[in-house]
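The structure under discussion appears below in the form of structure tokens.
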Amino acid sequence: MKSANGLTRYIALFISALGIIILGFSGFLNNFISGALSPIIDLQTAVSERYSTIQNYFSTPRDITQLQQKNAELEAEIARLRGQIIELQQLSEYQVLAALLDFARSNPEYQYTGASVIGRDPSPFLHYIIINRGSDDGIRKGMPVVSQQGLVGRVSHVIPNAARVQLITDAQSKINIKIHPSETEGILTGSVAGDLLLDFIPQEATVNTGDLVLTSGLGGNYPPNILIGQVSGVRKQDFALFQTGSVQPVVDFSRLEIVLVITNFKPVDVTPLQDNTNP
Amino acid sequence: MLNLLSLPIYIVLFITQSAILNRMPIMSGLPDILMLFTIGWTLHTPKSQAIGWAIVGGLIMDFASAIQLPVFTISYVIIASMSLLLSKQIEQYPIVLMLMISIAGTIIVHLITFISVATTGFILSLNEIINIVTIPSILLNLIYAIPIYGLAHELKLLLFPEETIL
């Protein structure tokens with residue numbers, strides 16, 4: 001009798017869990033979840049900010065090793081600023097072209113919404129962050145996310161007061177890029193290790209270590225000319241169709257605290273144009 | 001009633017993990033203190049409570065994670081069941097059992113995650129995962145296992161003071 005009661009309890013638990021999962025995935029619990037999550041997100045924001053403060057205190061340079069590291073960081077900053085100069089030059093070129101093509105009414109400046117990084121995806125297989133801005137703040141799925149250094153990722157899931165952002169280092173992230181100064185186009189993918197890998201670079205293209213990697217805007221998922229990083233290695237094999245390589249991102253993903261969501265960029269959904277029929 | 005109490009405990013653990021511990025990885029490995037607490041709690045608590053708490057912990061993780069399927073709920077229920085089964089066989093060395101199940105649990109979570117990701121059509125390199133995700137995660141979980149075991153022990157004393165301590 002007792003074991004029958006135990007079995008009934010387990011079945012009830014299983015059915016309840018299954019019900020919650022189905023309701024959650026189908027979106028019926030959204031209102032309940034947003035209300036219930038508000039204090040939790042506030043608490044997580046507070047914990048995250050306090051932790052960042054403590055981390056910053058302990059990571060302030062105090063000895064020669066740290067000063068050397070700081071020096072390396074400043075050198076990286078110089079490289080970044082050089083990239084920014086090129087980026088700004090490109091922007092002015094873009095403005096001229098936009099005027100020529102009668103895109104004068106389009107505003108090349110993006111609108112940003114600042115957000116704090118309050119958490120990271122619990123699974124080590126995925127590279128996602130959680131930010132404390134959601135649909136109540138105008139955040140929508142697909143919006144690009146940047147930091148003061150460069151591209152961070154894009155919004156993959158939104159609830160009223162928080163959002164999940166897929167980082168460009170995530171293994172399932174794919175971005176159309178161009179390499180400056182050769183203006184070669186290619187694809188940038190993430191990996192489980194968080195490395196950025198270049199692919200689909202034509203064999204005849206000249207790509208060197210240190211070249212800048214920017215978004216190309218192709219595919220409509222990201223705006224063009226956002227800095228991603230610098231080429232850190234190129235692999236060219238005679239028998240391969242394309243060159244491959246690796247990229248050193250300008251954003252330090254391990255220390256992300258504040259990000260900016262570009263709220264006036266609408267990603268283009270090209271799914272209906274893709275041919276999914278098998279030959 | 002006690003199952004309801006699991007909710008705030010797991011939420012606090014989740015916030016600690018997501019906001020603090022996940023910023024201190026080893027390579028690409030991350031700790032899973034909700035899994036560790038589930039194991040620790042299962043080794044201490046009455047059998048009737050264990051699976052319920054595992055489900056609550058799993059649901060919180062699945063809600064926060066971008067993984068498509070309820071990987072954590074399934075994994076935690078398997079891990080809690082395994083803990084229940086083994087705790088009956090090896091009662092004398094609960095801390096050793098905690099460490100052993102932590103290792104096995106990490107492998108179970110990663111295996112189910114790997115299958116889940118593969119079902120979405122994305123194949124990850126198994127070799128890469130073992131070397132840079134699973135082994136560092138096991139190491140981190142072993143580091144956190146003893147303090148979490150202590151936490152579960154203290155909580156058990158608080159909630160079930162009349163019962164014999166394992």
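Lettering of chains follows the sequences in order, A, B, ..., and the numbering in each one begins at 1.
- Between chain B and the residues A/Arg50, A/Glu49, A/His127, A/Arg164, the most heavy-atom pairs under 4.5 angstrom are made by A/Arg164.
- Of the atoms belonging to A/Ser123, heavy atoms from both backbone and side chain fall under 4.5 Å from chain B.
- Considering only heavy-atom pairs separated by less than 4.5 Å from chain A, the leading option among B/Leu34, B/Thr120, B/Ile20 is B/Ile20.
- Between chain A and the options B/Asn131, B/Thr113, B/Ile132, B/Asp32, the largest number of non-hydrogen pairs under 4.5 Å is found for B/Thr113.
- Listed options A/Ser191, A/Pro122, A/Gly194, A/Ser254 were ranked by heavy-atom pairs under 4.5 angstrom with chain B; first place goes to A/Pro122.
- The contact between B/Phe72 and chain A is made entirely by side chain atoms (from C-beta outward), counting heavy-atom distances below 4.5 Å.
- Both the backbone and the side chain of B/Ser65 come within contact range of chain A, each with at least one heavy atom under 4.5 Å from a heavy atom of that chain.
- Between chain A and the residues B/Met61, B/Arg23, B/Glu128, the most heavy-atom pairs under 4.5 angstrom are made by B/Arg23.
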Test A/Gln172 against B/Val117 for side-chain contact (heavy atoms from CB on, under 4.5 Å), laying out the working first. CA-CA 10 Å; A/Gln172 298 192 49; B/Val117 174; 4.0 Å; yes
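- Between the CG atom in B/Leu7 and the CD1 atom in A/Ile40 there is a gap of 7.0 Å [rounded to 0.5 Å].
- Top candidate by heavy-atom pairs under 4.5 Å with chain A, chosen from B/Gly58, B/Pro136, B/Ala19, B/Ala66, is B/Ala66.
- Between A/Val47 and B/Thr16 the shortest side-chain heavy-atom distance does not fall below 4.5 Å.
- Pairing each heavy atom of B/Asn22 with each of A/Asp121, the nearest pair is ND2-O, 3.3 Å.
- Proximity to chain B (any heavy atom under 4.5 Å) is restricted, for A/Ile130, to the side chain, taken from C-beta onward.
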Quick one: do A/Val192 and B/Ser125 satisfy side-chain contact (heavy atoms from CB on, under 4.5 Å)? Show the steps, please. CA-CA 9 Å; A/Val192 177; B/Ser125 158; over 6 Å; no
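- Rounded to the nearest 0.5 Å, atoms CD1 (B/Ile15) and OH (A/Tyr51) are 16.0 Å apart.
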